K.L.:
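There's a structure below that I have some questions on.
Here the structure is a predicted model, which means the values were calculated and not measured.
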Amino acid sequence: MLKFLGLASLAASLVLAANIEISNAYAKATPPNAQNSAAFMKITNNTDKNIALVSGSNSVSEFTELHTHVSENGMKKMIQIPKIDVPAKSTVELKPGSLHIMMIGLKQAVNPGDKVDLTLNFDNGDKVDLKGIEAKKIQPMKMK
């Protein structure tokens, strides 16, 4: 009986861990003296309920914020948002020029190949720790 309970407990923890999947995560490498960077990824919600990314923290900056870009008067600008919704049974992509995680007040330069640790907090109480996200050089976004 104890063996069965142990296996059931293990299965439950594996299901919980599979509620949210993160893929293709990377951080933006920065030029010298840059104050900010960003992280991008795909977030998959495997549950039957809508969830939202509501906050995060990281190993290379003082602050972590959720951002997106909006068009205003024919110009694209970046704004902070309170959450990133991830509908049930779907994937949301965080990418340059769209939804992303800002890392503000860098403690050091983020060079190509550097590793960044990132913790993501969701409104359902789940927390995802990403260790060693690689920094990549990204072509500058053209603002209209």
Side-chain angles (χ1 to χ4, degrees), residues 1-31 33-72 75-143:
M1 179 68 168
L2 288 176
K3 190 174 190 180
F4 173 77
L5 290 175
L7 289 174
S9 175
L10 177 62
S13 68
L14 292 174
V15 170
L16 178 62
N19 285 346
I20 300 168
E21 291 179 28
I22 307 298
S23 59
N24 302 331
Y26 63 98
K28 178 183 177 186
T30 60
N33 303 316
Q35 297 299 304
N36 306 320
S37 184
F40 310 99
M41 66 201 66
K42 290 183 180 179
I43 303 173
T44 300
N45 175 3
N46 292 318
T47 73
D48 293 326
K49 296 185 179 185
N50 297 337
I51 61 171
L53 174 62
V54 292
S55 67
S57 60
N58 71 82
S59 60
V60 297
S61 76
E62 295 292 326
F63 305 101
T64 306
E65 296 180 354
L66 308 177
H67 282 224
T68 193
H69 285 88
V70 296
S71 293
E72 192 173 276
M75 301 285 290
K76 213 168 192 194
K77 73 177 196 174
M78 184 173 56
I79 60 167
Q80 183 179 1
I81 55 177
K83 64 181 180 169
I84 296 175
D85 291 315
V86 187
K89 300 288 184 192
S90 66
T91 299
V92 171
E93 184 174 8
L94 282 58
K95 60 186 178 181
S98 185
L99 297 167
H100 59 282
I101 298 168
M102 284 296 297
M103 298 180 287
I104 299 171
L106 291 175
K107 299 172 190 173
Q108 73 257 352
V110 179
N111 298 305
D114 284 356
K115 305 295 184 200
V116 175
D117 295 339
L118 184 64
T119 298
L120 306 176
N121 301 305
F122 293 85
D123 65 352
N124 67 349
D126 283 355
K127 178 173 95 168
V128 177
D129 290 315
L130 303 171
K131 301 289 184 194
I133 298 170
E134 185 171 351
K136 297 180 180 181
K137 185 173 180 167
I138 299 173
Q139 293 301 323
M141 197 180 95
K142 292 182 181 171
M143 301 296 262

K.L.:
In Å and rounded to the nearest 0.5 Å, what is the CD to OG distance from Glu93 to Ser98?
P.N.:
8.0 Å

K.L.:
Just how far is it from atom CG of Asn121 to atom CG of Asp126, taken to the nearest 0.5 Å?
P.N.:
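Here the interatomic distance stands at 10.0 Å.
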
K.L.:
What pair of heavy atoms forms the shortest contact from His100 to Ala38, and how long is it?
P.N.:
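Where His100 meets Ala38 most closely, the heavy atoms are CD2-CB, 4.1 Å.
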
K.L.:
Can a donor-acceptor pair be found, under 3.5 Å and without considering hydrogens, that links the side chain of Lys77 to the backbone of Glu72?
P.N.:
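Judged by distance alone, no pair lies under 3.5 Å.
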
K.L.:
For Asp85, check salt bridge (charged side-chain N to carboxylate O under 4.0 Å, His left out) against everything at least two apart and list the hits.
P.N.:
Lys83

K.L.:
Tell me every residue that passes side-chain hydrogen bond (donor to acceptor under 3.5 Å, both in side chains) with Asp48, counting only those two or more places apart in sequence or in another chain.
P.N.:
none

K.L.:
Using the side-chain hydrogen bond (donor to acceptor under 3.5 Å, both in side chains) criterion, which residues pair with Thr119? Sequence neighbours excluded.
P.N.:
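So Thr119 forms a side-chain hydrogen bond (donor to acceptor under 3.5 Å, both in side chains) with Asp129.
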
K.L.:
Indicate every side-chain donor-acceptor pair of residues 103-117 with a distance under 3.5 Å to a residue at least two apart or in another chain.
P.N.:
unit_1	atom_1	unit_2	atom_2	d
Asp114	OD2	Asn111	N	2.8
Asp117	OD1	Gly132	N	2.8

K.L.:
Tell me the closest heavy-atom pair linking Gly56 and Thr64, and the distance in Å.
P.N.:
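It is O-CB, 3.2 Å.
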
K.L.:
Partners of Gln80 by side chain to side chain contact (heavy atoms under 4.5 Å, CB included), sequence neighbours excluded?
P.N.:
Glu65, His67

K.L.:
Would you check if Phe122 and Val54 make a side-chain contact, meaning some heavy-atom pair closer than 4.5 Å?
P.N.:
no

K.L.:
Which residues pass the salt bridge (charged side-chain N to carboxylate O under 4.0 Å, His left out) test with Lys136, sequence neighbours left out?
P.N.:
none

K.L.:
With heavy-atom distances below 4.5 Å as the criterion, would you say the side chains of Leu99 and Ile81 are in contact?
P.N.:
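They are in side-chain contact.
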
K.L.:
Checking Ser90 now: which residues fulfil side-chain hydrogen bond (donor to acceptor under 3.5 Å, both in side chains) with it, not counting sequence neighbours?
P.N.:
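Result, side-chain hydrogen bond (donor to acceptor under 3.5 Å, both in side chains) vs Ser90: none returned.
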
K.L.:
Report the distance from atom CG of Asn19 to atom CG of Asn124, rounding to the nearest 0.5 Å.
P.N.:
7.0 Å

K.L.:
To the nearest 0.5 angstrom, please state how far the CG atom of Leu118 sits from the CG atom of Asn58.
P.N.:
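It comes to 6.0 Å.
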
K.L.:
Enumerate the residue pairs fulfilling ring pair (Phe, Tyr, Trp, His ring centres under 6.0 Å) with a member in residues 41-61, sequence neighbours excluded, ordered by first and then second residue.
P.N.:
none

K.L.:
Could you pull out every donor-acceptor pair under 3.5 Å between side chains of residues 39-47 and any protein atom, sequence neighbours left out?
P.N.:
unit_1	atom_1	unit_2	atom_2	d
Thr44	OG1	Thr91	OG1	2.8
Asn45	OD1	Thr47	N	2.9
Asn45	OD1	Thr47	OG1	2.6
Asn45	ND2	Lys49	O	2.8
Asn45	ND2	Val86	O	3.0
Asn45	ND2	Pro87	O	3.3
Asn46	ND2	Ala18	O	2.7
Asn46	ND2	Glu21	OE2	2.8
Thr47	OG1	Lys49	N	3.2
Thr47	OG1	Lys49	O	2.9

K.L.:
Do you know the tightest heavy-atom contact between Leu53 and Leu66?
P.N.:
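Between these two residues, the closest heavy atoms are O-CD1, 3.3 Å.
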
K.L.:
Check side-chain hydrogen bond (donor to acceptor under 3.5 Å, both in side chains) between Asn36 and all other residues, then give those that pass, not counting sequence neighbours.
P.N.:
none

